[in-house]
Amino acid sequence: MPPSTTPRINNLPQTVERALDILEAFLDSNEALGITELSRRVRLNKSTAYRMVQALRTRGYLLQEDHTNKYTLGIRS
């Protein structure tokens, strides 16, 4: 889902908006996504998308597949 279709909350920090955009990109996908695909879907440059994905992965919100290095939603516990 492109971020332009998601309503913006004026007082929500941009970093939080971007993280949510990345997580929501997986809602429309039944497949693992790489950084290039994620950055295209959420309209961020690849380095920004990579940093956001790494933060989400570290916290357990995303998982990285060993064989493809692509990402899927994780189960945060």
Within this structure, what is the [atom1]-[atom2] distance for the pair [X] and [Y], rounded to the nearest 0.5 Å?
X	Y	atom1	atom2	value
Leu27	Leu73	CG	CG	6.5 Å
Leu38	Tyr50	CG	OH	13.0 Å
Tyr71	Leu56	OH	CG	10.5 Å
Thr15	Leu20	OG1	CG	11.0 Å
Glu31	Thr72	CD	OG1	11.5 Å

Check your understanding: When clusters are formed by joining ILVMFWY residues with side-chain heavy atoms under 4.5 Å apart, either directly or through shared neighbours, do Leu33 and Tyr61 land in the same one?
Key -> yes

Review point. Considering residues at least two apart in sequence or located in another chain, which fulfil the side-chain contact (heavy atoms from CB on, under 4.5 Å) criterion with Thr48?
Key: Arg18, Leu44, Asn45, Arg51, Met52

Point to revise | Residues that Thr58 engages under side-chain contact (heavy atoms from CB on, under 4.5 Å), provided they are two or more places apart | key: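 Counting only residues at least two positions away or on another chain, Thr58 forms no side-chain contact (heavy atoms from CB on, under 4.5 Å).
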
Point to revise | Arg40: salt bridge (charged side-chain N to carboxylate O under 4.0 Å, His left out) partners, not counting sequence neighbours | key: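 Scan of Arg40 (salt bridge (charged side-chain N to carboxylate O under 4.0 Å, His left out), adjacent residues dropped) gives Glu37.
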
Point to revise | Sequence-distant partners of Glu65, salt bridge (charged side-chain N to carboxylate O under 4.0 Å, His left out), two or more places apart | key: none

Check your understanding: Listed by chain and number, what are the side chain to side chain donor-acceptor pair (under 3.5 Å) partners of Arg59, not counting sequence neighbours?
Key ->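 Partners of Arg59 under the side chain to side chain donor-acceptor pair (under 3.5 Å) test: none.
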
Practice item. Search all heavy atoms of Ala32 against all heavy atoms of Lys70 and return the closest pair with its distance. Key: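 Heavy atoms only, the tightest pair is CB-CB, 3.6 Å.
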
Check your understanding: Looking only at heavy atoms, which two atoms of Ala25 and Arg41 are closest? And how far apart?
Key -> O-NH1, 3.5 Å

Review point. Looking at side-chain heavy atoms only, is the closest gap between Leu62 and Phe26 below 4.5 Å?
Key: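 Leu62 reaches Phe26 side chain to side chain.
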
Check your understanding: Does Ser39 reach the main-chain N or O of Thr36 with its side chain, forming a donor-acceptor pair under 3.5 Å?
Key -> yes

